[in-house]
2 protein chains.
Amino acid sequence: MSDADQRPARGRPRTMNAESVLDVAMNAYWQSDPADVSVNAICQMAGISKPSLYREFGSEDGLSRAVLDRYAEQVLSEMFEILHGGKGLRGTLDALIDFASDDPRMETGCLFYKMRAGKHRLGPETRARVEEIDAAARAAYVAFLQAARDSGDWPDSLSVEAGAKYLGEQIALAITQRASGEEPARVREMLTLALSVFSRS
Amino acid sequence: MSDADQRPARGRPRTMNAESVLDVAMNAYWQSDPADVSVNAICQMAGISKPSLYREFGSEDGLSRAVLDRYAEQVLSEMFEILHGGKGLRGTLDALIDFASDDPRMETGCLFYKMRAGKHRLGPETRARVEEIDAAARAAYVAFLQAARDSGDWPDSLSVEAGAKYLGEQIALAITQRASGEEPARVREMLTLALSVFSRS
DNA sequence: GATATAAAATACCGGATAGTATAAAAATGA
DNA sequence: TCATTTTTATACTATCCGGTATTTTATATC
């Protein structure tokens, strides 16, 4: 437990709530795109002044990094849970398809995938965090497919690494298509087709 | 034959070559991203002044639209030729895989897919042209798959429209992955896997 | 040579951006 | 009451953006 949020003994009490600012920024980034939301806009939406934001987060990069951390623990964690759920090949793939195609939270896309797609426009801290998360996701896909192979559910016509990359990119594609307005049923149909390669002998 | 490029009888002769400006702009947009290249930068790279560019193209939107037209007839036409080549299901899919995975011109991605991905950042003319080309591409995919179905090469477990959308998106995904630094062999492996769904009964 | 014309180059405009200097306000402690 | 501390709010900087007004230059015609 850190004392970073300990209220100082003296001085004007702060009205800014860092968590609510992060919520506002996360939803704004998530709904449109980090590259299309300025710090000015975030301050206005959150009802705080720019110096307050900069004192808390240091820079735009610091803010977007904090937002990404929050998104990872609030939203991305669910995807990791599906992968580590141990529901077997078919059950896990179905859960991933459900999540990508029908979860209402993915209706406007995935903030992480948006950041990854526009990686070159991010600051160094945020970009590094994006790459960390990307590596962790790939590792999770690899572990999942390796377990499926070990239990004989999945033929070894393809390497686990290639399958993991393929699986991850197909999920990302499906969610990105939902963000661009594609109907969930259509997205589900295409993702199911793409992942059918894991169910053939 | 229009007389739009007819040299006027009097006045200072023009030093600006519209075609070379378009080449410069196309390559700059193509190599990085239209949203990351300013008109200032294009003028500097092309060695012309801003008023010259604006007299020729009217606006940034006019320039990017002209660039997209040029790209469509110089590069995209090749993809349409592959689709209309009549090489049958297997031959055409293989040609598409070759194009997306190994054509050196797709090494930094496809300008059209970059524009489509950042559609909301484009001007109205360019955006409309992107949508036209997207519709034309979808129609070409549909015609190709319909012909394959008519000749019995492809089972009817999936609608032609859904297959066309799927095929187009997989090609786009493969080329986008190459743009983000993925090895061509890896891209080929994944695209081949994705398109294997067209070869199963 | 004088004039008309068209393109060029320079310099500018208004607006948006990330980031900051400065001052006012609200609390505590003496 | 008065000084100290911390956070606020306002106003500002420098830079870049798309786009343009203005002036200069280079040609053809008279």
Side-chain angles (χ1 to χ4, degrees), chain A residues 3-22 24-25 28-29 32-67 115 118 120-127, chain B residues 3-22 24-25 28-29 32-67 115 118 120-127:
Chain A
D3 26 29
D5 51 356
Q6 212 173 42
R7 185 154 170 258
R10 312 203 305 189
R12 178 173 177 171
R14 64 174 50 177
T15 58
M16 189 198 63
N17 182 316
E19 300 241 329
S20 86
V21 173
L22 278 180
V24 166
Y29 284 160
S32 54
D33 190 299
D36 298 324
V37 180
S38 68
V39 287
N40 285 332
I42 289 170
C43 288
Q44 199 163 342
M45 288 182 288
I48 63 167
S49 68
K50 262 207 286 191
S52 297
L53 186 146
Y54 275 89
R55 194 173 41 73
E56 184 73 31
F57 300 105
S59 64
E60 185 178 35
D61 189 20
L63 171 66
S64 58
R65 190 212 140 101
V67 166
M115 284 184 167
H120 64 283
R121 281 185 266 252
L122 299 173
E125 285 184 37
T126 312
R127 183 164 52 236
Chain B
D3 26 29
D5 52 356
Q6 212 176 40
R7 189 159 164 251
R10 313 202 305 190
R12 177 173 177 170
R14 66 173 51 176
T15 58
M16 188 197 65
N17 182 315
E19 299 241 328
S20 86
V21 173
L22 278 179
V24 165
Y29 284 159
S32 54
D33 191 298
D36 297 325
V37 180
S38 67
V39 288
N40 285 331
I42 288 170
C43 288
Q44 199 163 342
M45 288 183 287
I48 63 167
S49 68
K50 260 206 289 190
S52 296
L53 187 146
Y54 276 90
R55 194 170 41 72
E56 184 73 30
F57 300 104
S59 65
E60 184 179 37
D61 189 20
L63 171 65
S64 58
R65 191 214 138 101
V67 165
M115 284 183 167
H120 65 283
R121 280 185 267 252
L122 298 174
E125 284 185 39
T126 312
R127 182 163 53 234

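The sequence lines fix the lettering, A, B, ..., with proteins before strands; numbering per chain opens at 1. In this text, all values refer to a predicted model and were calculated from it rather than measured experimentally.
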| said: Let's see if you can work this out: which of D/dT8, D/dT29, D/dG18 has an atom nearest to the side-chain heavy atoms of B/Arg10? | reply: D/dT29
| field | Atom-to-atom span, CZ of A/Phe57 to P of C/dT20 - whole angstrom | value | 16 Å
| query | Among D/dT8, D/dG18, C/dG19, which nucleotide sits nearest the side chain of A/Tyr54? | reply | C/dG19
| field | Bending between helix ends of the helix from C/dG1-D/dC30 to C/dA30-D/dT1 [5 pairs per end, 10° resolution] | value | 30°
| A/Lys50 has an atom NZ; how far is it from atom C1' of D/dC12, in whole Å? | 10 Å
| note | Separation of C/dT17 atom C1' from B/Arg121 atom CZ, nearest Å, is 15 Å
| Roughly, in whole Å, what's the span from CZ in B/Arg12 to P in C/dA8? | 7 Å
| note | Here the pair of heavy atoms bringing B/Arg127 nearest to B/Leu122 is NH1-O, 3.0 Å
| How about A/Met45 and A/Val37: do any of their side-chain heavy atoms sit closer than 4.5 Å? | yes
| query | Do B/Glu56 and B/Val21 have side-chain heavy atoms sitting under 4.5 Å apart? | reply | no
| request: Examine the side chains of B/His120 and A/Asp36 and answer whether a donor and an acceptor come within less than 3.5 Å of each other. | output: yes
| Picking from D/dT25, C/dT20, D/dG18, which would you name as closest to the side chain of B/Ser38? | D/dG18
| remark: Whole-Å distance, A/Ile42 CD1 to C/dG19 P, equals 12 Å
| field | Atom-pair distance (CD on A/Gln44; P on C/dT17), nearest Å | value | 10 Å
| message | Rounding to an integer number of Å, can you tell me how far B/Arg14 CZ sits from C/dA9 P? | response | 13 Å
| said: With a 4.0 Å cutoff (strictly under), does any side-chain N or O of B/Ser49 reach OP1 or OP2 of C/dA8? | reply: no
| said: Tell me the closest heavy-atom pair linking B/Leu22 and B/Ala66, and the distance in Å. | reply: CD2-CB, 3.7 Å
| remark: When every non-hydrogen atom of B/Val24 is compared with those of B/Ile42, the smallest separation belongs to CG1-O, 4.3 Å
| When you check the phosphate oxygens OP1 and OP2 of C/dA8, does a side-chain N or O of B/Ser52 lie under 4.0 Å from one of them? | yes
| remark: Here the distance between atom P of D/dC17 and atom CG of B/Asp36, to the nearest Å, is 11 Å
| Toward the 5' end of DNA chain C, by each residue's nearest nucleotide, B/Arg55 or A/Asp61 | B/Arg55
| said: Both B/Pro51 and B/Glu60 contact DNA chain D. Which one's nearest nucleotide lies toward the 5' end? | reply: B/Glu60
| Out of C/dG29, D/dC17, C/dA18, which has the shortest distance to the side chain of B/Asn40? | D/dC17
| query | Judged by atom type as modelled, is there a donor-acceptor pair below 3.5 Å linking the side chain of A/Ser32 to the main-chain atoms of A/Tyr29? | reply | no
